[in-house]
S.K.: 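Pasting in a structure now, in structure tokens, and then I'll have a few things to ask.
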Amino acid sequence: MDSSSIESNSIEWNTEDELDVDNISSSSSHQDQIADFAPSSSSCNCRGSNTIHQFLQMGFSKEMVIKAVKENGQNEGAVLDALLAYKTFEESPEDEHVLDDPCHAELASNVLDVYPDKEICENEEFKNLSTEKDRTVSLLVEMGYQAEEALAAIDRCSLDTPIAELVEFISAAQFAYHTDAQLGELSYDNKIHQHQKVCVLFLSELTCSSDLRFLNQLYTMFLIGFPKLNGPVYMSKKKRKFYDNEMRKLQKQRKYLEKQPMDHDNEIVHLPNPMVGFGVPNQPSPVLFQRRIPDEAEGRPYFYFENVALAPKGVWHTMSRFLYYIDPEFVDSKFFCAAARKRGYIHNLPIENRSQLLPTPPSTIHEALPHTKQYWPSWDKRMQLNCILTCIGSAKLTDRIKKAVEKSGDEPLPGVKKYVIQQCKKWNLIWVGKNKVAPLEPHEMEMLMGFPPNHTRGGGISRTEQYTVLGNAFQVDTVAYHLSVLKRMFPDGISVLSLFSGIGGAEVALHRLGIPLRNVVSVEISETCRKILQSWWDETNQQGKLIHFHDIRMVTAHELEKCMSTFGGFDLIIGGSPCNNLAGGNRSTRNGLEGSKSCLFFEYYRIIELVRSMMRHR
DNA sequence: ATGATCATGAGCCCTGGC
DNA sequence: GCCAGGGCTCATGATCAT
């Protein structure tokens, strides 16, 4: 993208805003998502109409004030700066973003149709309008929008929404309506999906906060539907060009989509039982239907995505559709180690001739924790542990269990047994003494998860945080089994883009497979985790290069290009996106891919698509 | 401020009965 | 096929101690 186009458009769209988008007063969960995407900024409670009125009284022309408000939101200081700048340069840039230049006189008459009893648009009348809604509508009309658009925006966004946000809403709605026709006969569901994809990709093209607001509005609109507005389309040339290009690309997928059977049942992703994915060691192979990977998703860079298997309904369907309609591989790590871990993996790796890590880890509790065997009561028949989570059972619980078992002598009553077993399973407790249960120690979790001893220990990391990061990690043996096919494809080592790296499960897996890590670009927001990975990297005398990025949202095409140009692109993109809002243990915010953490899946998709598209054009 | 501790269900899948 | 019951889950937020 050339910088001149950015500059020319920023005249129209770059509103260095002071809008408080976090404070949109709406109960809609989609509004929450807007807040999540949007940068937080300082609050501004002044109403646009007052601002306008104030500057009109100061003697600036109506056109200039409108333009300044349009560009700068309602921040009085910024608007004034802009107005003074116009005075200085004495120039009136043409309205580039108005594709169909609206006739203001006509618009004004439209408004009068809606509000026949009101004289609108001149100075004092602003104050006299009966309601806040009227004032907002008239302001938007002043800015060149139609009254019906303004009303639709207010109805959808609520009256408290800042003007600039309403403007982006209208802009997005018009654009949505305009482009919707291009997708022709696809099902509604598929259309929405295509729009969403474009929205996510558009993130990489963002240059200003106005774009971000626009995108948020557009994205929300495709989630919850958009009003059909027939007004002129307001859109910067840059936005339009980008969107049109992406639409054209996606239309090529139409043939593929149209060939798919219209099966209403396909929204439900079925979990295999037993959960062995495309096959695990020492188990009968599952009956596989034809695994298909679309052309656009095949080959280098390979990618490997992971998340919890038991996500809310529809989540895996969505993730699969974003990741090129590849069927997820659901695997329970209980086939690889002594603890269960039900996870889904979407990847484009070959699945033939996989091999396990050696030595194979213990597969039962007694083999994994031999020192506990002597304390295990005969009536606790667990052979394997449940999933390792981020929290452990409380001391009070283990005390309650101890007392209950002690009181009942050699053979507890069935009710006591049932209670104890239930709690032990729920909190993954193990027997560490006579009548004594306890949660797993961090080093035991490290071992079960396939990490080297003390991987998460020391370096200023608290015990609580150890539990958190371990509960969020890959099971190394499971992932390594899937990645093992890379060894013969890249005998000289690989370059890896590791997203949401955490404590480096992917890196450890590749290392243990004996695949040299030539370059690793790791994106991880937690400083603790970055330190753990760096520490492991140094300790294992890695010969390659490790580069850290912090926030995936801030990773740009430019930065990736810079990395890739030094070592010729990536061979593997790997990582699991945040599961906080998908996981069953979450009592309060299990709100799916719209959650504040789990929505970062779309960033994952953005990066994959960005890298793959950049590498296609190398 | 940071770490440790504790209490806090619901949603989804599976199964076994009819 | 339907339904009730059981089992499991990469967690969050409030509170207290240091």
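Just so it is clear: chains get the letters A, B, ... in the order the sequence lines come, proteins before strands, and each one is counted from 1.
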S.K.: Any base atoms under 4.0 Å from N273(A), or only sugar-phosphate, or nothing? Heavy atoms, all strands.
M.R.: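 N273(A): backbone/sugar contact only, no base atoms under 4.0 Å.
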
S.K.: Under 4.0 Å, counting only non-hydrogen atoms across every strand here, what does S577(A) touch: a base, just sugar-phosphate, or nothing?
M.R.: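 The residue S577(A) makes base contact.
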
S.K.: Between dG13(C), dT8(B), dT9(C), spot the one nearest the side chain of S588(A), thanks.
M.R.: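 Closest nucleotide to the S588(A) side chain: dG13(C).
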
S.K.: Just call it for L271(A): base, sugar-phosphate, or nothing, with non-hydrogen atoms closer than 4.0 Å on any strand.
M.R.: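 Contact class for L271(A): sugar-phosphate only.
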
S.K.: Give a yes/no answer on whether the side chain of N586(A) brings an N or O atom under 4.0 Å of OP1 or OP2 in dA10(B).
M.R.: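 Looking at the OP1 and OP2 atoms of dA10(B), neither is under 4.0 Å from any side-chain N or O of N586(A).
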
S.K.: By the 4.0 Å heavy-atom rule, please label C579(A) as base, sugar-phosphate, or nothing.
M.R.: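 Base, at least one base atom sits under 4.0 Å.
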
S.K.: Is W427(A) touching bases, backbone alone, or none of the nucleic acid, heavy atoms closer than 4.0 Å?
M.R.: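 Contact class for W427(A): base.
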
S.K.: Donor-acceptor check, side chain of R590(A) to backbone of L582(A), threshold 3.5 angstrom: yes or no?
M.R.: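 The answer is yes, because a donor-acceptor pair under 3.5 Å joins these two groups.
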
S.K.: Which of the following nucleotides, dG3(B), dC10(C), dC12(B), is nearest to the side chain of S462(A)?
M.R.: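 The listed nucleotide nearest to S462(A)'s side chain is dG3(B).
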
S.K.: From CD1 of I392(A) over to C1' of dA4(B), roughly how many Å is that when rounded to an integer?
M.R.: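 For the pair I392(A) CD1 and dA4(B) C1', the rounded distance is 9 Å.
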
S.K.: When you measure from the side-chain N and O atoms of N307(A) to the phosphate of dC10(C), is any distance below 4.0 Å, counting only OP1 and OP2?
M.R.: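 For dC10(C), OP1/OP2 do not have a side-chain N/O of N307(A) under 4.0 Å.
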
S.K.: Would you indicate what E465(A) reaches in the nucleic acid, counting non-hydrogen atoms under 4.0 angstrom: base, sugar-phosphate, or nothing?
M.R.: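 Nothing: the residue E465(A), judged by heavy atoms under 4.0 Å, touches no strand.
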
S.K.: Is it true that F303(A) and Y324(A) have ring centroids separated by less than 6.0 Å?
M.R.: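 Yes: the rings meet the under 6.0 Å criterion.
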
S.K.: Give one of base, sugar-phosphate or nothing for R463(A), where a contact means two heavy atoms less than 4.0 Å apart.
M.R.: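 Sugar-phosphate only.
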
S.K.: Strictly by modelled atom types, are H482(A) and Y345(A) linked by a side-chain donor-acceptor pair under 3.5 Å?
M.R.: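 The criterion, which ignores hydrogens and geometry beyond distance, is not satisfied for Y345(A) and H482(A).
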
S.K.: Between T464(A) and dA4(B), does any side-chain N or O lie under 4.0 Å from OP1 or OP2?
M.R.: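 It does, given that an N or O in the side chain of T464(A) lies less than 4.0 Å from OP1 or OP2 of dA4(B).
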
S.K.: Does F330(A) have its ring centroid less than 6.0 Å away from the ring centroid of W316(A)?
M.R.: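 Judged by ring-centre distance (under 6.0 Å), F330(A) and W316(A) do meet the cut-off.
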
S.K.: I'd like to know if the side chain of N428(A) reaches the main chain of P439(A), judged simply by a donor and an acceptor atom lying under 3.5 Å from each other, with no hydrogens or angles considered.
M.R.: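 No, because the side chain of N428(A) does not come within donor-acceptor range (under 3.5 Å) of the backbone of P439(A).
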
S.K.: Given dC13(B), dT5(B), dC8(C), identify the nucleotide with an atom nearest to the side chain of K313(A).
M.R.: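 Selected nucleotide (nearest to the side chain): dC13(B).
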
S.K.: Tell which nucleotide pairs with dG9(B), taking only Watson-Crick or G-U wobble pairs whose two distances are both under 3.5 angstrom.
M.R.: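 The base-pairing partner of dG9(B), which may sit in any strand shown, does not exist here.
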
S.K.: Give the nucleotide from the list dT12(C), dC10(C), dG7(C) with an atom nearest to the side chain of T589(A).
M.R.: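 Output: dT12(C).
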
